[in-house]
Visitor: 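Structure below; questions to follow.
Numbers for residues simply follow the sequence, beginning at 1. Order of appearance sets the numbers: ligands from 1, and atoms from 1 within every ligand.
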Amino acid sequence: MFIKPSNRIRESEITPESVYRERRRFMQLTLGAGALAAASGAGAKPGFVADAGAAVGPDWLKQKIADAEPYGEKVTDKLTPYEHVTSYNNFYEFGYDKSDPAKHSGTLQPHPWKVEIAGHAEKTGAFNLEDLLAKVTLRERVYRLRCVEAWSMVIPWVGFELGELLKQFKPTSRAKYVAFTTLLDSKQMPEQASRFSTIDWPYREGLRIDEAMNPLTLLAVGLYGKPLPNQNGAPLRLVVPWKYGFKSIKSIVKIEFTEKQPGTSWNVRAPNEYGFYANVNPEVDHPRWSQASERRLPSGLFSPNIIDTQMFNGYADEVAHLYKGMDLRKHY
Ligand code: MTE
């Protein structure tokens with residue numbers, strides 16, 4: 001992965017959290033009254049680019065997102081503004097610069113979308129996203145996202161617990177891991193056809209089954225109260241907040257219950273640098289840089305906003321038990 005020295009976002013574009021909160025309340029009111037179109041423009045406060053990042057989606061999805069259970073817990077971190085979340089991305093299927101996904105992901109067609117559920121489960125098959133979402137509860141979850149490149153954001157996702165979905169397919173006792181695959185289609189994801197690409201497409205990720213069933217593990221369909229923009233992994237992406245960001249695979253088309261630990265894109269490409277577990281750990285450095293601190297976006301030359309990295313990205317109370325007795329230097 002590449003480390004960029006600074007982001008390219010102007011400080012003037014920052015959206016205060018209060019503006020987002022007000023906008024969300026507004027959306028709930030107007031959407032409840034059936035005024036879908038009004039939500040994108042009329043309710044936006046000055047300074048909030050309501051439709052930056054081209055977050056589009058069908059009405060049924062917008063309605064479901066508007067009805068999501070609000071985040072009830074206390075959030076102490078300041079939210080990263082929408083403009084930063086949707087313009088500073090890693091999505092190598094669209095290029096290697098942080099600004100490439102927002103510029104080039106317009107070719108992705110996230111609706112309609114099918115997801116295949118496969119492997120060691122009583123029920124398998126291909127399902128429309130709409131049908132899968134009909135059986136789960138959408139919630140807003142504010143999570144820190146810590147990239148292995150040592151930058152981080154705080155994002156209000158809208159999604160559902162992965163475990164809630166997985167249980168419906170009745171995994172068998174042979175299901176020890178869950179493997180995820182991104183869409184493979186170079187017409188929609190042009191970098192997959194590049195001769196210079198170093199990733200063996202499609203992008204793949206995986207979790208141990210107990211990690212997948214942990215209530216923190218989310219499948220997201222939206223952020224900031226809107227459908228996921230393409231650059232953030234529309235229409236369905238994983239969010240595993242205690243792990244480095246590369247585990248949070250985007251634009252998922254397949255979820256498979258496996259008996260063996262699945263191959264994952266970065267681990268296969270550079271196993272000495274990117275482990276299967278990829279738990280955020282300030283004590284285990286990347287071979288080429290320290291993981292003790294991180295650059296919390298927005299950050300700039302004169303306000304780099306460097307903070308200490310927390311063990312398990314601050315989620316140790318919820319997940320440390322999953323790794324009891326394991327040598328985290330070996331299983332990085
Ligand atoms: N998923 C796919 N399919 N392709 C990718 O290149 N990049 C990963 C992850 N998911 C990636 C992906 C990396 S390295 C990070 S840090 C996060 O997505 C970034 O998510 P964001 O762009 O929404 O911040």
Visitor: With rounding to the nearest 0.5 Å, note down the distance linking CZ in Arg296 to CG in Leu145.
Guide: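 The CG atom of Leu145 is 9.5 Å from CZ of Arg296, to the nearest 0.5 Å.
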Visitor: Please determine if Arg237 has a nitrogen or oxygen closer than 3.5 Å to a nitrogen or oxygen of ligand 1.
Guide: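 N/O-N/O distance under 3.5 Å: yes.
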Visitor: Decide if the gap between the ring center of Trp266 and the ring center of Tyr244 is smaller than 6.0 angstrom.
Guide: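 So the answer is no for these two rings.
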Visitor: Counting N and O atoms only, with roles assigned by atom type, does the side chain of Ser290 sit under 3.5 Å from a partner on the main chain of Asp285, one being a donor and the other an acceptor?
Guide: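 No; judged by distance alone, with no hydrogens or angles, the pair does not exist.
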Visitor: Is there a nitrogen or oxygen of Tyr88 sitting under 3.5 Å from a nitrogen or oxygen of ligand 1?
Guide: no
Visitor: Where does the angle between the aromatic ring planes of Tyr96 and Tyr92 fall among parallel (under 30°), tilted (30 to 60°) and perpendicular (over 60°)?
Guide: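 It falls in the parallel class, under 30°.
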Visitor: With rounding to the nearest 0.5 angstrom, report the CG to CZ distance, Leu218 to Arg237.
Guide: 10.0 Å
Visitor: Any salt bridge between Lys243 and Glu211, counting N to O under 4.0 Å?
Guide: yes
Visitor: From the options Tyr274, Phe246, Tyr332, select the one residue that forms a ring pair (Phe, Tyr, Trp, His ring centres under 6.0 Å) with His286.
Guide: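 Per the ring pair (Phe, Tyr, Trp, His ring centres under 6.0 Å) rule, the option paired with His286 is Tyr274, out of Tyr274, Phe246, Tyr332.
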Visitor: Counting each atom of ligand 1 from 1 as listed, which ones have a heavy atom of Glu93 under 4.0 Å away?
Guide: 2 (C), 3 (N), 4 (N), 5 (C), 6 (O)
Visitor: For Tyr92, take its heavy atoms, then give the atoms of ligand 1 lying under 4.0 Å from any of them.
Guide: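 What qualifies from ligand 1 is 5 (C), 6 (O).
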Visitor: Could you tell me whether Trp151 and ligand 1 have an N or O pair separated by under 3.5 Å?
Guide: no
Visitor: Are any of the N/O atoms in Thr182 less than 3.5 Å from those in ligand 1?
Guide: yes
Visitor: Using a 4.0 Å cut-off to any heavy atom of Leu145, which atoms of ligand 1 qualify?
Guide: 24 (O)
Visitor: Report the member of Trp157, Tyr203, Tyr244, Tyr274 with the shortest heavy-atom distance to atom 8 (C) of ligand 1.
Guide: Tyr203
Visitor: Using heavy atoms and a threshold below 4.0 Å, how should the contact between Lys247 and ligand 1 be classified: side chain, backbone, both, or neither?
Guide: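 Contact part for Lys247 vs ligand 1: neither.
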Visitor: With a 4.0 Å cut-off on N to O distance, would you call Arg141 and Glu161 a salt bridge?
Guide: yes
Visitor: Taking 4.0 Å as the limit for heavy-atom contacts, which would you say applies to Val85 with ligand 1: side chain only, backbone only, both, or neither?
Guide: neither
Visitor: Which atoms of ligand 1 have any heavy atom of Cys147 under 4.0 Å away?
Guide: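 Reading through ligand 1 atom by atom, the close ones are 16 (S).
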Visitor: Please identify which atoms of ligand 1 are closer than 4.0 Å to at least one heavy atom of Ile249.
Guide: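 Heavy-atom distances to Ile249 below 4.0 Å select 1 (N), 10 (N).
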Visitor: Is Ser251 close enough to touch ligand 1? Criterion: a residue heavy atom under 4.0 Å from a ligand atom.
Guide: no
Visitor: When you measure from the side chain of Asn230 to the backbone N and O of Leu108, does any donor-acceptor pair fall under 3.5 Å?
Guide: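 Looks like yes, one N/O pair under 3.5 Å.
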